[in-house]
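Quantities reported herein were computed from a predicted structural model and do not represent experimental measurements. Heads up: numbering here begins at 1 and tracks the sequence.
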Amino acid sequence: MPKSNAAPLWSSGPVFYLATVGAAVGLGSIWRLPYQVGSSGGSAFLFLFTVACLLIATPLLAAEFLIGRHSRKSPPEAAGAVALDSGLTTRWNVIGVLGTIAVFALMSTYTVVAGWVLAYSWKCASGVLVGLSRPEVAELWRGFLLRPFEMGAWHVAFLVLVGVISAGGLRGGIEVATKVRGPVLFILLVVLATYALVRGDARAALRFAFAPNFAAITPQVALAAIGQAFYATGVGEAMMLAYGAYVPKGTSLVRAALIISGSILVVSLLATLIVFPLVFRYGMNPAQGPELVFDVLATVFAEMPGGRLVGTLFFVLLVFAAITPSIAGFEPVIAWLQQRAKMSRVAAVAATLSASWILSVGSVLSFNRWSGWHPLGAFPLFKDKTFFDCVDFLPSNVLLPAGAFATSVFVGWRVSRAVISDELSETTPFGRKWCVWALR
């Protein structure tokens with residue numbers, strides 16, 4: 001089958017590695033992981049999360065890169081092109097369709113949370129938190145959620161930031177952002193982790209996060225750890241299909257997958273070392289949930305010496321963490337509009353982000369005017385879930401696992417050995433066999 005030449009290519013292998021790490025390492029590792037660890041068994045969760053990243057997410061990432069590079073198509077059409085080359089039906093396009101729908105839905109909630117991060121960067125930098133008591137910090141957070149126009153304005157500001165970078169294209173926007181974001185993110189992580197270990201309760205934090213606690217391993221904790229591995233690495237979200245289409249030959253796809261998983265684990269470790277020493281030092285609850293950053297840590301920053309500077313650095317870190325995953329999350333739809341609708345890059349970005357904003361309005365209102373509306377309340381599982389909860393739950397717990405399962409079956413059992421040998425030719429024979437075995 002002839003390959004399309006429409007897709008641009010990364011300028012080099014290292015840039016591709018940096019871009020994919022930037023796509024995966026985001027709020028999932030720095031915002032979501034600490035409260036998951038805090039509420040799901042501490043060290044038991046981290047152990048299972050590490051295993052899931054290495055043995056489940058890594059081969060799936062390599063499989064998605066394989067599909068993207070071999071097809072050079074947008075995600076909704078990528079698996080079908082590979083299937084035709086293997087003598088199969090284009091119905092396998094369901095892999096990219098599920099992933100594209102899932103990641104587009106998740107971006108409508110992810111960017112709302114990123115708007116919160118942007119808002120709190122300003123609140124810390126401007127001194128709003130300085131000197132506030134614990135009840136006052138909690139009231140500031142609740143008040144922010146109850147003001148839809150303020151929350152919505154910060155969300156739009158973040159979307160504009162993402163849109164400006166994405167409109168620059170692969171070389172002029174995405175590559176530049178990842179080259180700047182990567183080093184800055186790592187430096188901030190190391191600086192804040194060092195500070196937290198020196199000024200916080202390092203002993204209690206290290207015992208909670210790393211002391212063996214196999215008794216805490218339960219099926220629920222295992223499922224939560226696997227779900228976090230999917231969320232953190234971007235498996236099943238179609239963005240690695242999109243980025244894979246831009247990979248030049250000669251770049252090892254298995255190595256790229258291992259680099260992503262390794263980077264996720266390093267960043268997750270640093271995030272743990274930032275959050276929990278401060279949480280234990282100030283007597284906070286590590287199982288606080290999603291508000292751990294915006295309520296609990298904001299209280300710590302309000303009370304601690306130098307908290308204004310440290311808090312500002314922390315939330316700026318989260319802004320940097322949110323940018324490149326958001327760019328990658330919108331890329332499947334943008335690439336599809338460019339290829340199928342023949343839209344310019346700028347028009348595709350504008351259309352995608354506008355559609356995402358419309359869907360995000362429901363998420364913003366879920367915390368205030370629509371907080372009592374449960375759109376799927378007729379089903380017992382969803383009786384207490386708001387619009388935001390439903391849009392986050394269904395892709396994460398239905399679409400992503402279904403897409404990952406289909407990818408495993410497709411590449412592990414159905415794709416021709418010739419295609420696999422060609423696309424994984426940059427790795428060792430053992431690496432190819434291990435990847436296929438793991439998928440099976």
Side-chain angles (χ1 to χ4, degrees), residues 8-34 53 61 65 110-111 113-114 117-118 120-122 124-125 158 160-198 232-234 239-240 242-243 246-248 251-252 255-275 293 297 306 309-331:
L9 298 179
W10 300 109
S11 59
S12 67
V15 169
F16 163 61
Y17 298 146
L18 191 62
T20 51
V21 168
V25 176
L27 292 180
S29 300
I30 303 174
W31 164 67
R32 196 173 190 266
L33 180 118
C53 282
L61 286 169
F65 290 144
Y110 189 94
T111 53
V113 175
V117 170
L118 197 59
Y120 265 69
S121 299
W122 169 251
C124 279
F158 183 79
V160 170
L161 178 61
V162 169
V164 168
I165 297 172
S166 184
L170 192 67
R171 300 284 180 91
I174 299 175
E175 285 195 6
V176 173
T178 55
K179 289 176 182 177
V180 173
R181 183 262 201 183
V184 172
L185 181 70
F186 183 73
I187 290 170
L188 288 174
L189 279 168
V190 171
V191 168
L192 289 171
T194 303
Y195 179 90
L197 288 170
V198 172
T233 59
M239 57 188 183
M240 297 308 176
Y243 276 17
Y246 309 146
V247 182
T251 303
S252 173
R255 183 184 299 121
L258 286 169
I259 288 173
I260 291 174
S261 294
S263 299
I264 289 290
L265 293 176
V266 169
V267 171
S268 298
L269 169 65
L270 290 173
T272 300
L273 296 179
I274 291 172
V275 172
V293 166
L297 278 184
L309 174 60
V310 175
T312 300
L313 287 176
F314 179 78
F315 284 107
V316 168
L317 162 70
L318 291 182
V319 172
F320 272 94
I323 289 175
T324 48
S326 298
I327 294 170
F330 288 121
E331 190 64 20

message = Could you report the tightest heavy-atom contact between Ser326 and Phe158, atom names first, then the distance?
response =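 So the minimum-distance heavy-atom pair works out to OG-CE2, 3.4 Å.
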
query = Which heavy atom of Glu331 sits nearest a heavy atom of Ala242, and at what distance?
reply =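 The answer is CG-CB, 3.9 Å.
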
Between atom [atom1] of [X] and atom [atom2] of [Y], what is the distance when rounded to the nearest 0.5 Å?
X: Arg255; Y: Phe65; atom1: CZ; atom2: CZ; value: 13.0 Å
X: Leu273; Y: Ser268; atom1: CG; atom2: OG; value: 11.0 Å
X: Leu118; Y: Ile323; atom1: CG; atom2: CD1; value: 8.5 Å

With a cut-off of 3.5 Å and sequence neighbours excluded, list every side-chain donor-acceptor pair involving residues 309-321.
from, atom 1, to, atom 2, distance (Å)
Thr312, OG1, Ala125, N, 3.1
Thr312, OG1, Arg308, O, 2.7

Full working for side-chain hydrogen bond (donor to acceptor under 3.5 Å, both in side chains) between Tyr246 and Glu175 = CA-CA 12 Å; Tyr246 309 146; Glu175 285 195 6; over 6 Å; no

Under 3.5 Å, sequence neighbours excluded: what are the donor-acceptor pairs made by side chains of residues 189-197?
from, atom 1, to, atom 2, distance (Å)
Thr194, OG1, Val190, O, 2.8
Tyr195, OH, Pro305, O, 3.3

request  = Take Leu265 and Leu269 through the test side chain to side chain contact (heavy atoms under 4.5 Å, CB included) and record every step on the way to the result.
outcome  = CA-CA 6 Å; Leu265 293 176; Leu269 169 65; over 6 Å; no

Contacts of type side chain to side chain donor-acceptor pair (under 3.5 Å), residue Thr272, not counting sequence neighbours =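 Thr272 satisfies side chain to side chain donor-acceptor pair (under 3.5 Å) with no residue once adjacent residues are dropped.
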
query = Is there a donor-acceptor pair under 3.5 Å between the side chain of Ser166 and the backbone N or O of Val162?
reply =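 No, because the side chain of Ser166 does not come within donor-acceptor range (under 3.5 Å) of the backbone of Val162.
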
